[in-house]
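Take a look at the structure below.
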Amino acid sequence: MQQRRLDTAPKAFARGPRRLQQLVCLVFFVAVGSAFAQAPTWNPHTRKQLEKYDNAPAYIYRLETSPRMVSPYGVFISFQANVDGNGMNIVGDAANECTISVDPTNGNHMAIGWRQFNSVTSNFRQGGWGYTTDGGIHWTFPGVLEPGVFRSDPVTGSDETGRFFYLSLLQTFCENMYRSTNGGQTWTELQADGLADGGDKQWFTIDKTNGPGHGFQYQSSDGADCDNSGVVEFQRSTDGGVTWQAPIAIPNEPTDGTLDVDTNGNLFIGGEGFSPFYCVRSSNAQFGNQTPTFDQVTTVNMGGVLTGGGINPAGLDGMLFLAIDRSGGPTNNNIYMLASVQPSGRSTTDVMFARSTDDGLTFSAPHKVNDDPVNPSKWHWFGTFAVAPNGRLDAVWYDTRNAANNTDSQLFYSYSTDAGVTWSANVAVSAAFNPFEGYPNQSKIGDYITIVSDNTGGNVAYSATFNFNPSRNQHEEDVYYVRVFPGGVGATPTPTPTATPTPTPTPTATATPTATATPTVTPTPTPTSTPRPTPTPRFEPTPRPRPTPPPRP
């Protein structure tokens, strides 16, 4: 396979010539216990960390499997998604950076995209995915989008009819959009490799309104783009992701953030600029015969800044997520932003939230969602959220509040029914896991997780290290699905797993109004006293200058 330029990791280090600085060696000084909480983090806007193409695809003859992981924690149950054709865990691989899509016409049909590493001995990764037809209890992993082709930064989404889309980044910083009309079971590549343009880190959204922009797709990236401009850019597709119009610079360069569309068809992009966060609006992107312009830029105080290199050594500690209320009620068209940020004077992160009730003109003061007392040794990272059709907000994140070593993490959940003014008591929804194990020659567990909500709960895709690989004497990064819901009350009728004495110990689905489970495999939580292993220092190459792009015709 031809060697091409790789994507950046972590995201959003290319900010144009004014931001590109001399690369330095990143050496992570590691201590055990609470001392690690003070390990240095870095600002993702001040240096660009390139990945070398140092590993070819790993061709592994799979001889070893283990039962897939079903991990109960209280009333919440996490089901492993990256399993082989027999529903077994694949020993020796890694999967992270997962995004979930849910069919709004049938909530039992979901798909998750992830970065698939066939072996932890290689950095080479591909576009992996899995799908479910029984509400997330059983998952099928058919393979990768394009075998032998380097792909990263998966982003998935669905339209109101249940068609799924999968945007995938290539080594060239160019992309492809894929479409599925059968719940993620199979995918169709909508253009030749790279012709979706885009860049790293890309996010996209779909206009689901009944206005003139219905079905339009919008994406933004961070400046390490397909066209080598070094400019944070926006692109639009008016034909369902098949062709993409020429990129347009976004004012104030908001990066590492998502996009959404309000009920009036206005597009909003959230992200962190050179220093503060911004919410940028385009009112005319919905008109296909007009060149999109941005008519409003609002500075947003999120109570801190995005960071990386702390608890997630080679990755971000979180991104900015923007979502809009389309409930049709009193909170309709509220704009919400949530991120795991590092407050001033801290080296760890909190989950912070802000909202706008006036079409993005102003935003509220930042509100801390994690409800534990401020502790400079505790992390609240990978925060993400979604807005349900009825206006409820669901937030999830990784949290170390219960860990004696301040690093073992659990997935936590909180919800709000008053537009984020108040949030429910935080609850852990997963067992603890060690985020420092299972690295695929790349010291991170991805850069983000995602959630999609409906009127009774939220569907979460996240990575964790519950499975243990005895041959490597460490746990493995795998992708999990868990259903979260307020108060521990069951949502829509979902299948109930029951134990079956078969060679593949997975639950058998039966319909019942309330989700309960007898697990077939229970995780062994990582002891909270286990010290973090010392990572290998990363030495980065000297960057080559960005070429000046030719004039566009």
Side-chain angles (χ1 to χ4, degrees), residues 1-17 19-20 44 48-53 97 99 113 115 125-127 145-146 149-157 165-179 189-205 216-251 253-259 267 269 271 282 285 291-292 294 319 447 543-553:
M1 177 180 168
Q2 181 183 5
Q3 294 186 3
R4 295 176 289 179
R5 183 178 54 174
L6 306 189
D7 66 312
T8 54
K11 314 304 172 195
F13 302 104
R15 297 292 183 269
R19 300 189 187 187
L20 191 58
K48 180 175 179 177
Q49 191 177 40
L50 294 176
E51 295 178 5
K52 290 167 47 181
Y53 185 85
E97 213 157 89
T99 56
R115 304 193 311 165
R125 47 201 176 275
Q126 300 171 88
L145 292 176
E146 196 172 1
V149 174
F150 181 103
R151 291 184 176 277
S152 193
D153 291 17
V155 186
T156 66
F165 295 86
Y166 189 133
L167 188 60
S168 176
L169 184 72
L170 293 159
Q171 294 169 234
T172 57
F173 291 98
C174 302
E175 306 164 353
N176 285 112
M177 180 67 80
Y178 286 75
R179 180 182 63 217
E189 188 174 8
L190 297 184
Q191 61 282 126
D193 281 3
L195 293 189
D197 291 337
D200 171 33
K201 161 60 182 128
Q202 86 285 9
W203 289 100
F204 85 97
T205 192
F216 287 8
Q217 296 186 7
Y218 308 111
Q219 66 163 304
S220 63
S221 52
D222 73 2
D225 298 316
C226 182
D227 63 1
N228 293 308
S229 68
V231 176
V232 178
E233 294 176 334
F234 161 82
Q235 285 182 269
R236 176 179 68 181
S237 172
T238 60
D239 57 8
V242 178
T243 61
W244 291 85
Q245 297 172 353
I248 298 169
I250 308 174
E253 303 185 279
T255 67
D256 302 317
T258 62
L259 317 81
L267 170 72
I269 304 173
S282 175
T291 299
F294 297 95
M319 291 194 174
D447 287 310
R544 58 187 178 91
R546 285 188 174 276
T548 301
R552 290 194 172 275

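Gln126 places no side-chain N or O within donor-acceptor distance of the main-chain N or O of Leu145, the cut-off being under 3.5 Å. The backbone N or O of Glu233 lies less than 3.5 Å from no partner atom in the side chain of Ser220, so there is not a single donor-acceptor pair. Not one N or O on the side chain of Ser152 forms a donor-acceptor pair closer than 3.5 Å with the backbone of Leu169.
A heavy-atom distance below 4.5 Å is found between the side chains of Thr291 and Ile248. Residues Asp225 and Phe173 have side chains not in contact (no heavy-atom distance under 4.5 Å, counting atoms from C-beta outward). Within the 4.5 Å cutoff, the side chain of Met177 has heavy atoms near those of the Gln217 side chain. Looking at heavy atoms from C-beta onward, Lys201 lies in side-chain contact with Val155 at the 4.5 angstrom threshold. Taking 4.5 Å as the limit, some side-chain heavy atom of Gln219 sits within range of a side-chain heavy atom of Leu167. No side-chain heavy atom of Arg236 sits under 4.5 Å from any side-chain heavy atom of Trp244.
A pairwise comparison of heavy atoms in Asp227 and Pro247 identifies OD2-CG, 3.4 Å as the closest pair. When all heavy atoms of Trp203 and Leu259 are compared, the closest pair comes out as O-CD1, 3.3 Å. Shown here for Phe204 and Gly157, the closest heavy-atom pair between the two residues is CZ-N, 3.7 Å. Of all heavy-atom pairs between Cys226 and Gly194, the closest is SG-O, 4.2 Å. Across all non-hydrogen atoms, the minimal contact from Leu267 to Phe234 is CD2-CE1, 3.3 Å. Across every non-hydrogen atom of Leu195 and Asn176, the tightest pair is N-ND2, 4.3 Å.
With values rounded to the nearest 0.5 angstrom, Tyr166 atom OH is found 14.0 Å from Leu190 atom CG. One distance of note links OG of Ser168 with CD of Glu175; it measures 8.5 Å at 0.5 Å rounding. If you take CD on Glu189 and OH on Tyr178, they are separated by 3.5 Å, rounding to the nearest 0.5 Å. For the atom pair CG of Asp447 and CG of Asp153, the computed distance is 7.0 Å after rounding to the nearest 0.5 Å. Taken to the nearest 0.5 Å, the OG1 atom of Thr255 stands 8.5 Å off from the CE atom of Met319.
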Q: Any chance you could lay out the salt bridge (charged side-chain N to carboxylate O under 4.0 Å, His left out) test for Arg151 and Asp193, step after step, and finish with the verdict?
A: CA-CA 11 Å; Arg151 291 184 176 277; Asp193 281 3; 3.3 Å; yes
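Between Asp197 and the options Gln235, Gln202, Gln191, a side chain to side chain donor-acceptor pair (under 3.5 Å) holds for only Gln235.
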